[in-house]
Number of protein chains: 2
Amino acid sequence: MAHTSHSMDEQAAPARLRNLPSRLLALTAMYADRVVSEGLAGADAHKWHYAVLVTLQESGPVSQAELSRRTGIYRSDLVTVINELADRGHVERTPDPTDRRRNVITLTEQGRRHLRRLDELIAALQDEVLQPLSEPEREQLTELLARLLLHHGRSLST
Amino acid sequence: MAHTSHSMDEQAAPARLRNLPSRLLALTAMYADRVVSEGLAGADAHKWHYAVLVTLQESGPVSQAELSRRTGIYRSDLVTVINELADRGHVERTPDPTDRRRNVITLTEQGRRHLRRLDELIAALQDEVLQPLSEPEREQLTELLARLLLHHGRSLST
DNA sequence: TCGCAATCATTCGTCTGACTAACGTTCGTG
DNA sequence: CACGAACGTTAGTCAGACGAATGATTGCGA
């Protein structure tokens with residue numbers, strides 16, 4: 001039987017390619033993203049939704065521009081995300097009385113409940129992705145990745 | 001002055017997001033990809049080009065379908081890549097006499113020279129991406145990523 | 001040996017995600 | 001009070017991953 005899906009036989013890739021860090025990053029990221037996206041789709045959610053809900057829970061009500069900065073979602077794309085979350089009743093978009101340019105985005109009670117479910121789901125999905133690694137290895141991996149990102153941020157603000 | 005480019009202030013992201021492995025993977029992969037792509041662009045090259053050239057060097061002349069399997073590039077996209085490489089004289093596309101469905105792709109001498117330059121470039125770019133990590137940390141990272149990928153491959157062939 | 005399924009190269013098209021440009025509105029500040 | 005900056009929104013570009021269909025060819029089973 002032929003395999004139903006994507007992804008080459010990794011064994012077939014030449015060693016020079018197989019150990020190339022940038023390539024490994026790209027492939028694992030793609031894999032992880034698929035797992036997470038498919039998992040979230042089952043709960044009628046999207047990673048962007050999760051990012052916004054989490055940020056709202058930790059920061060309290062904020063403007064869309066602020067959400068954009070904190071989540072990394074472009075403010076143009078954020079419009080759609082907020083629309084979807086508002087349609088589902090997870091979030092409320094109200095004009096800011098103190099600054100009529102802004103909208104204040106507020107997490108609703110229902111959104112809070114939804115987030116609780118997503119938290120569990122996300123945890124399970126991360127677990128699925130990291131399954132072959134031990135706990136210390138997982139921490140090591142996230143720490144290394146975080147260091148790379150930190151360096152990245154520094155390199156463009158100087 | 002406002003910062004010229006992309007990428008949010010990582011510091012602003014909530015901790016729950018900042019430490020999410022799938023998110024770290026996505027962001028670092030995006031970063032690494034940008035570094036590599038921009039670096040290769042300066043040499044009139046593309047990561048796909050590199051993948052194909054390396055594979056040809058290690059496997060000798062093969063068909064496009066075989067190249068597709070080994071590099072992970074889709075057969076349909078590979079057509080363009082081979083066209084570009086052939087235009088630059090790095091590769092030759094000849095019909096396979098033993099199987100008239102196939103093309104045999106051969107690395108030319110010029111392609112070999114080009115690849116030598118790309119090898120150095122790629123090494124430098126990997127170095128730039130991994131700069132904040134020590135040598136053992138780099139090995140650790142690639143090993144962990146490779147393990148994740150391996151597990152991924154297994155999970156869909158069973 | 002005939003016929004059917006599989007394989008190959010290729011073309012075209014879809015879908016998603018990152019990203020930019022521009023606009024009207026509102027605010028802060030010189 | 002004028003001008004530049006920030007805000008939300010719309011529309012669009014561009015690249016990459018991926019699928020479908022086609023015509024040519026091959027191998028294999030009946």
Side-chain angles (χ1 to χ4, degrees), chain A residues 1-8 22-23 25-27 29-34 36-38 40-41 46-49 51-52 62-86 91 93-105, chain B residues 1-8 22-23 25-27 29-34 36-38 40-41 46-49 51-52 61-86 91-105:
Chain A
M1 101 203 69
H3 53 158
T4 36
S5 61
H6 36 264
S7 177
M8 90 208 90
S22 61
R23 177 175 229 259
L25 277 171
L27 292 178
M30 215 189 266
Y31 162 56
D33 198 72
R34 241 197 280 277
V36 170
S37 293
E38 287 171 2
L40 285 178
H46 194 278
K47 36 179 180 146
W48 293 337
H49 298 181
V52 165
V62 286
S63 71
Q64 293 184 197
E66 193 55 32
L67 269 179
S68 168
R69 277 175 226 117
R70 297 206 208 258
T71 60
I73 304 170
Y74 275 66
R75 64 188 207 291
S76 43
D77 297 330
L78 198 54
V79 175
T80 312
V81 177
I82 301 295
N83 284 343
E84 292 166 354
L85 287 173
V91 126
R93 183 200 259 126
T94 43
D96 185 339
T98 82
D99 184 341
R100 309 211 319 266
R101 288 172 302 180
R102 308 185 204 208
N103 291 333
V104 179
I105 310 300
Chain B
M1 103 197 74
H3 53 157
T4 36
S5 60
H6 36 263
S7 178
M8 91 208 88
S22 61
R23 176 174 231 259
L25 277 171
L27 291 178
M30 215 189 266
Y31 162 57
D33 197 71
R34 241 197 278 278
V36 170
S37 293
E38 287 172 2
L40 285 178
H46 194 277
K47 34 177 182 149
W48 292 337
H49 298 181
V52 166
V62 288
S63 70
Q64 294 184 195
E66 194 54 33
L67 270 178
S68 168
R69 278 176 225 116
R70 296 205 208 259
T71 59
I73 304 170
Y74 273 64
R75 304 199 306 298
S76 42
D77 299 329
L78 198 54
V79 175
T80 311
V81 177
I82 302 295
N83 284 343
E84 292 165 353
L85 287 174
V91 126
E92 253 183 25
R93 182 200 261 125
T94 41
D96 185 339
T98 83
D99 184 342
R100 304 202 334 257
R101 290 171 300 180
R102 309 185 204 208
N103 290 333
V104 178
I105 311 300

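Residue numbers begin at 1 in each chain, while the letters A, B, ... track the order of the sequences.
- Contact annotation: the side chain of B/Asp33 approaches that of B/Lys47 to within less than 4.5 Å [non-hydrogen atoms, C-beta and beyond].
- Distances shown here put every side-chain N or O of B/Trp48 at or beyond 4.0 Å from the OP1 or OP2 atom of D/dA15.
- When side chains are defined from C-beta on, A/Leu67 does not count as touching A/Val81, because their heavy atoms never get closer than 4.5 Å.
- Taking atom CG of B/Leu78 as the reference point, atom C1' of C/dC8 lies 12 Å away to the nearest angstrom.
- Nearest-nucleotide positions on DNA chain C for B/Asp77 and B/Glu66 put B/Glu66 closer to the 5' end.
- The line from OG1 of A/Thr94 to CG of A/Asn103 is 7.5 Å long, rounded to the nearest 0.5 Å.
- You'll find that the side chain of B/Arg75 is closest to C/dT10, out of C/dT26, C/dT7, C/dT10.
- The side chain of A/Arg100 contributes no N or O atom lying less than 4.0 Å from OP1 or OP2 of C/dG28.
- In terms of position on DNA chain D, the residue among B/Ser37 and A/Arg93 whose nearest nucleotide sits closer to the 5' end is A/Arg93.
- For B/Met30, taking side-chain heavy atoms from C-beta onward, the closest of the listed nucleotides D/dG8, D/dT25, C/dA18 is C/dA18.
- Both B/Val104 and A/Asp33 lie near DNA chain C, and the one whose nearest nucleotide falls closer to the 5' end is B/Val104.
- Note: CD1 (A/Ile105) to C1' (D/dT9) measures 13 Å, nearest angstrom.
- At the phosphate of C/dT16, neither OP1 nor OP2 sits under 4.0 Å from any side-chain N or O atom of A/His46.
- Between the CD1 atom of B/Ile82 and the P atom of C/dC8 there is a distance of 14 Å, rounded to whole Å.
- For B/Arg101, the listed nucleotide lying nearest its side chain is D/dA24; candidates were D/dA24, C/dC12, D/dC7.
- Taking side-chain N and O atoms only, A/Tyr74 has no distance below 4.0 Å to OP1 or OP2 of C/dA18.
- Between the CG atom of B/Asn83 and the C1' atom of C/dT10 there is a distance of 10 Å, rounded to whole Å.
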Next on the checklist: Run A/Asn83 and A/Arg93 through side chain to side chain contact (heavy atoms under 4.5 Å, CB included) and show every step you take.
Outcome noted: CA-CA 9 Å; A/Asn83 284 343; A/Arg93 183 200 259 126; 2.8 Å; yes
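- Rounded to an integer number of Å, the gap from B/Leu27 CG to C/dA18 P is 9 Å.
- Ion pairing between B/Arg70 and B/Glu66 holds under the 4.0 Å rule for side-chain N and carboxylate O.
- Closest approach to the B/Gln64 side chain among D/dT10, C/dT10, D/dA17 is made by C/dT10 (side chain taken as heavy atoms from C-beta onward).
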Checklist entry - Is there a side chain to side chain contact (heavy atoms under 4.5 Å, CB included) between B/Val62 and B/Ile105 once you walk through the steps? => result CA-CA 6 Å; B/Val62 288; B/Ile105 311 300; 5.5 Å; no
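- Atom CZ in B/Arg102 sits roughly 11 Å away from atom C1' in D/dT25 (whole-Å rounding).
- Spacing between atom CD1 of B/Ile73 and atom P of C/dT10 amounts to 14 Å, rounded to whole angstrom units.
- In this structure, the CD atom of A/Glu38 is 13 Å from the C1' atom of D/dC18, given to the nearest Å.
- Residue B/Arg69 has no polar side-chain atom (N or O) positioned under 4.0 Å from OP1 or OP2 of C/dT7.
- Of the side-chain N and O atoms in B/Asn103, one or more sit less than 4.0 angstrom from OP1 or OP2 of C/dT10.
- Judged by distance alone with a 3.5 Å cut-off, a donor-acceptor contact links the side chain of B/Ser76 to the base of D/dG19.
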